[in-house]
There are 4 protein chains.
Amino acid sequence: MVKQGRPRAEVLDTAILDAATELVIADGYVSTSIDAIARRAGTTRQAVYRRHPSLPHILIAALSRRFGLDPAADTGSLRGDLVAVQHNQIEFFADPLVMRSLPGLLDEAARDAELGSQLFAAFVTPRRRSTARALERAVQRGDIPDGYDTEWICDLLTGPLLMRALMPTGPIDENLAQLTVNAALDVLTATSD
Amino acid sequence: MVKQGRPRAEVLDTAILDAATELVIADGYVSTSIDAIARRAGTTRQAVYRRHPSLPHILIAALSRRFGLDPAADTGSLRGDLVAVQHNQIEFFADPLVMRSLPGLLDEAARDAELGSQLFAAFVTPRRRSTARALERAVQRGDIPDGYDTEWICDLLTGPLLMRALMPTGPIDENLAQLTVNAALDVLTATSD
Amino acid sequence: MVKQGRPRAEVLDTAILDAATELVIADGYVSTSIDAIARRAGTTRQAVYRRHPSLPHILIAALSRRFGLDPAADTGSLRGDLVAVQHNQIEFFADPLVMRSLPGLLDEAARDAELGSQLFAAFVTPRRRSTARALERAVQRGDIPDGYDTEWICDLLTGPLLMRALMPTGPIDENLAQLTVNAALDVLTATSD
Amino acid sequence: MVKQGRPRAEVLDTAILDAATELVIADGYVSTSIDAIARRAGTTRQAVYRRHPSLPHILIAALSRRFGLDPAADTGSLRGDLVAVQHNQIEFFADPLVMRSLPGLLDEAARDAELGSQLFAAFVTPRRRSTARALERAVQRGDIPDGYDTEWICDLLTGPLLMRALMPTGPIDENLAQLTVNAALDVLTATSD
DNA sequence: TAATAACCGAGACGGTACGTCCTGTCTTGCT
DNA sequence: AGCAAGACAGGACGTACCGTCTCGGTTATTA
């Protein structure tokens, strides 16, 4: 079963994702219609539906194009590893497309479990796995004791970024990366119980 | 020149908010239409528009009905104060109406600054102010040194809750309240710089 | 149950029928879309659908507007009565709207029995009844013998008109009225069996 | 320089006409799409378009396959000749494909003169010529006087058949053949003027 | 107690978008 | 050159909401 028929125009592939990106950034998720995307891409609704089943799928594709797979660097120290992860996350959450499409995508994900897990698998899981591996390496080195709650550490690292992506409580910058990493290290090394 | 004419039917006031609440919880924000709300409330679109200018305004009204102003208790200890704040926040973020309407409201707020600040003033600012006051009292008591970043502490406390409200990374429960308060205290008392 | 709500704009009632009439005459039945009718009427598809469930129904309404109920005159003689009927029929079949919409309507009627009987009842039955009554009067006067086949006489009178409405075999004019009436009289008074 | 390349698959020639015939009989003219025909014929639109420029052309081809050229028998008597013509016409108008496709074809013919004359030449003219020749022979035999209107006689013979093919006013059967031939003979031999 | 002003239900209005279907044309690889 | 497969621009389908509007009818207050 090789590929048959007229091949899809790659120009349209990118034109559609470009149009969606621009419109969502300009108007927000709920104001963006498939119709407008097709119009701006200089094509028809049909060509869009041929490629993507719905608006959230278009945006997932557009986001995937921007944010490839996580590099998951090993810098040798826990702090270095976590800072690397946070730089990656900051690049993600500070992106205008992410900021504008995230609420809509989350709304959609809450209804459509299929789409939710797809979204989760594409953008959340890889970053969490990087963090988990960095922690494991730190335990093996003896830098931190075992027995921490990985999920909680991940939420601690990501939560504030999500917060600032969705609400204007503060900038998403280098300083925030340092603050979150410090907080995580404080928690991991604290004697409090 | 007070108010003339037939007064509004209070039954409709509540029927509309009830209908909106039920529909958003069941279908999510983007799938909820003013038409459906009016229908379910047993009235007409016009009666809805007479009370609220748009869907997000309806939801803000519905949320305001559920979540009154923050009590801002003074328990005597920083930990106690923060735990009180977090219990209040957990009640908020764990509410199904909040979980389902938050993405839509945030999307709308990103576009309409007016609405954004209204939303912010109603549900974010009071809780942040409670936290800020608790911190001030702790400084005055000498429990913590001065010079911390209030905004950052607030984001540290709220971020993980928001995270779990929007993504299925973990439960929003008593344990999370303790974890976030511990993290905040670790940060506030840490010697790391 | 009196009439409630905002009344329909009568301007649109006529604008829609006008638009449909013009378009069908210009482009034919199958090339006429509801969309184009709405556009030409200066309104929306919704307003059209609110009044008529489908294209054939629009055309039946447009035809009804042009061709009221049959006068069914009693001229005193069979020839006079039949000529009156045929003048009425000629006016009908020579009408451009009829010529252009008839094929489409018949096609639709062949599929949708409901619509078929509606069409039949509005435009065929009344004219056939006039003819039947004229024949009955002639029998009572003793002008023609009893025992003829009414349906056949009606088809004999109408068939050639329908033929010339749908195919360019000849004009639909006064002469055709005379020819068809003569033929019917020949048949009714013939001794052939 | 005759014909190059792969020859057309004759299987498709008939499969396409079969599919068109079945679909038009089942769904009527306007509901029949080229797409559906190709699908049912187990081929593609392109193969259809390669053979026929449009839906009406397909149907003309399908009709031509069923109804060859007129035999035009000479039975020796005018009545016999006309009855032969009418048997031929009855076979035509009683055919389900004819009954279902005729309205659509006529609609199309009213717009596209080219197609109209093609349709006319294929199915109307031959039958009318047979009738004309039968009449000429009768004149030469002295059975009827000269000076009749051939076109009118043809419409008189065909009109009622067309009527009953398109509307449910009566059966298209042997009796109708006799009635129409009698009517024509009555008219041709009548002294009325 | 009469006028007035706002509310209510019902439903029409011009718009925009939905997701699907079909049209006639066009590549592409294979026969 | 034919064929299966399938993409392309374009147009229409019938439906759903949007926010606004016009009706007839119903309360309350104010004059």
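Keep in mind that what you see is a predicted model, and the values were worked out from it rather than measured. Each chain gets a letter, A, B and so on, in the order its sequence line appears, and its residues count up from 1.
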Could you list the donor-acceptor pairs under 3.5 angstrom formed between side-chain atoms of residues 102-111 of chain C and any protein atom two or more places apart in sequence or on another chain?
{"residue": "D107(C)", "atom": "OD1", "partner": "R111(C)", "partner atom": "NH2", "Å": "3.1"}
{"residue": "D107(C)", "atom": "OD2", "partner": "Y29(D)", "partner atom": "N", "Å": "3.1"}
{"residue": "E108(C)", "atom": "OE1", "partner": "Y29(C)", "partner atom": "OH", "Å": "2.4"}
{"residue": "E108(C)", "atom": "OE2", "partner": "R111(C)", "partner atom": "NH2", "Å": "3.1"}
{"residue": "R111(C)", "atom": "NE", "partner": "D27(D)", "partner atom": "O", "Å": "3.0"}
{"residue": "R111(C)", "atom": "NH1", "partner": "S31(D)", "partner atom": "OG", "Å": "2.4"}

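Residue contacts shown for S33(D) are limited to sugar-phosphate atoms, with no base heavy atom under 4.0 Å away. Counting any heavy atom pair closer than 4.0 Å across all strands shown, A36(A) reaches no nucleic acid atom.
Donor-acceptor pairing under 3.5 Å, judged by distance alone, is absent between the side chain of R50(D) and the base of dG2(F).
Of the residues near DNA chain F, T43(A) and R39(B), the one whose nearest nucleotide (by heavy atom distance) lies more toward the 5' end is T43(A). Nearest-nucleotide mapping onto DNA chain E: of G42(B) and S54(A), the residue sitting toward the 5' end is G42(B). The 5' end of DNA chain F is approached more closely, in terms of each residue's nearest nucleotide, by E10(D) than by the other of E10(D) and S31(C).
A heavy-atom distance below 4.5 Å is not found between the side chains of V98(B) and F123(B).
Smallest separation of non-hydrogen atoms from S54(D) and I34(D): C-CD1, 4.2 Å.
Listed nucleotides: dA12(F), dA7(F), dG9(E). Nearest to the side chain of R51(A): dA7(F). Minimum atom distance to the side chain of D35(B) is reached by dC17(F), of the listed dG14(E), dC17(F), dC3(F). The side chain of R8(A) lies closest to dC8(F), out of dA12(E), dG10(F), dC8(F).
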Listed pairs, N/O of protein and of nucleotides 22-24 of chain F, under 3.5 Å:
none

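Look at NE2 on H52(B): it is 16 Å from C1' on dG19(F), rounded to the nearest Å. Spacing between atom OH of Y49(C) and atom C1' of dG15(E) amounts to 16 Å, rounded to whole angstrom units. Between the CZ atom of R45(D) and the P atom of dC3(F) there is a distance of 16 Å, given to the nearest Å. Atom CG in D13(D) sits roughly 18 Å away from atom P in dA1(F) (whole-Å rounding). Between the CG atom of L12(C) and the P atom of dG15(E) there is a distance of 11 Å, given to the nearest Å. Rounded to whole angstrom, the span from the CG atom of L55(C) across to the C1' atom of dG14(F) amounts to 14 Å.
Put simply, CD1 on I25(C) and CE on M99(C) are 10.5 Å apart, with the number rounded to the nearest 0.5 Å. For the atom pair CZ of R65(C) and OG1 of T14(C), the computed distance is 6.5 Å after rounding to the nearest 0.5 Å.
In this view, S117(D) satisfies the side-chain contact (heavy atoms from CB on, under 4.5 Å) rule with no residue, not counting sequence neighbours. Shown here are the side chain to side chain donor-acceptor pair (under 3.5 Å) partners of D112(D), two or more places apart in sequence or in another chain: there are none. Under the side chain to side chain donor-acceptor pair (under 3.5 Å) criterion, R6(A) pairs with no residue, sequence neighbours left out.
Using a distance-only test at 3.5 Å, with no hydrogens or angles considered, no donor-acceptor pair links the side chain of R50(C) to the main chain of R8(C).
Every stem involving DNA chain F, taken as at least 3 paired positions in a row under the Watson-Crick or G-U wobble test at 3.5 Å, is listed here: E:1-31 with F:1-31.
Classification of R51(A) and D13(A) as a salt-bridged pair holds, one side-chain N sitting under 4.0 Å from a carboxylate O.
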